Amino acid sequence: MKFSGLNDKNKGIIFIVLSAFFFALMSLFVRLAGDLPVMQKSFFRNLIAMIFAAAVLLRQKPKICLKKRDWTGLIIRSVFGTIGILCNYYAVDHLMLADASILNKTAPFAAVLMGALILGEKLKAVHVAVVCCAFGGALMVIKPGSSLLAMPALVGLVGGIMAGTAYTMVRYLGKRGVPGPFIVFFFSAFSCAALGLPMLLNFEPMSAQQLFFLLMAGLSASFAQFSVTAAYCHAPSREISVFDYSQIIFSAIMGFVVFGQLPDLLSWLGYGVILCAAAANFVYNNRKTA
């Protein structure tokens with residue numbers, strides 16, 4: 001997908017909003033697939049994404065010339081991304097969609113920190129402050145010790161941190177000229193290989209409806225993955241990350257319409273704190289670069 005006449009930052013914003021919508025749609029289909037092992041759900045998600053990415057590679061035939069550092073980056077991106085998916089799917093199965101979404105959206109804050117550590121992107125006191133605020137907001141959603149939901153919420157938070165690290169590596173690979181479709185293909189193939197045996201050992205028969213939902217989850221994830229890869233290849237996380245939070249809106253609407261889910265007051269407060277932290281970070285970065 002191309003957007004002529006737009007600068008890289010605006011392209012990044014469009015792609016990040018598209019990825020947010022498709023990730024919300026993916027979570028909806030994962031939840032609708034019912035009580036299946038997380039490994040099984042994750043495998044099918046990555047299998048569809050791998051096929052989709054392979055088709056794009058065959059059509060575009062981009063020039064791929066990788067060095068040792070690129071392969072290392074791809075492996076790191078794939079390891080953290082796979083762990084992130086497993087954690088996120090576990091959270092989606094055990095939490096409200098909006099809660100699972102907001103915990104996964106700690107990823108941009110992790111990406112800011114990892115961007116400083118890995119890519120050398122500037123990190124100032126304000127960045128540390130907003131990360132701390134976001135973590136505080138996440139604790140409001142997690143409500144540790146308040147119920148049995150604390151563990152799924154903690155797993156969701158870990159998934160967000162893993163995803164943020166993976167997105168940092170996407171940014172790193174994009175800056176080195178690795179084609180986006182190849183990044184998606186390698187990650188999906190890596191995940192399928194890593195999850196294949198555990199999935200087979202714990203495989204549960206699926207109904208036609210469950211298979212359909214998993215296929216739709218995989219297709220939605222494919223569109224989301226291509227969109228987020230394009231977004232972080234066009235612009236750094238500090239410039240576009242706030243728009244990633246539109247997934248919370250999409251997830252809240254889908255959760256209410258399909259499942260009748262309504263987050264409690266403390267969760268709403270947590271959403272507000274995280275959104276305010278994201279907005280503050282965004283405004284600060286744009287004022288500094290204006």
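Along the sequence shown, the residues carry numbers beginning at 1. On a predicted model such as this, the values are computed, not experimentally measured, just so you know.
No side-chain heavy atom of Y172 sits less than 4.5 Å from a side-chain heavy atom of V178.
With sequence neighbours excluded, the residues satisfying side-chain hydrogen bond (donor to acceptor under 3.5 Å, both in side chains) with S191 are T82. Partners of R69 by side-chain hydrogen bond (donor to acceptor under 3.5 Å, both in side chains), not counting sequence neighbours: none found. With sequence neighbours excluded, no residue forms a side-chain hydrogen bond (donor to acceptor under 3.5 Å, both in side chains) with S227. Listed by chain and number, the residues in a side-chain hydrogen bond (donor to acceptor under 3.5 Å, both in side chains) with Y271 are D99 (sequence neighbours excluded). In terms of the ring-ring contact (aromatic ring centres under 6.0 Å, His included) criterion, F44 has no residue partners (sequence neighbours excluded). For F186, the ring-ring contact (aromatic ring centres under 6.0 Å, His included) test picks out W71, with sequence neighbours left out.
With rounding to the nearest 0.5 angstrom, the CG atom of L197 is 11.0 Å from the CZ atom of F43. For the atom pair CZ of R45 and CG of L214, the computed distance is 12.0 Å after rounding to the nearest 0.5 Å. Interatomic distance, CG of N88 versus CD1 of I83, reported as 13.5 Å (0.5 Å rounding).
The backbone N or O of S101 sits nowhere less than 3.5 Å from a side-chain atom of N104 that would complete a donor-acceptor pair. Judged by distance alone, with hydrogens and angles left aside, the side-chain atoms of Q261 form a donor-acceptor pair with the main-chain N or O of L97 at under 3.5 Å.
Shown here for S42 and I85, the closest heavy-atom pair between the two residues is OG-CG2, 3.7 Å. Minimum interatomic distance between L103 and A153 (heavy atoms only, all atoms of both residues): CD1-O, 3.3 Å. Taking each heavy atom of V30 and K41 in turn, the nearest pair found is O-NZ, 3.0 Å.
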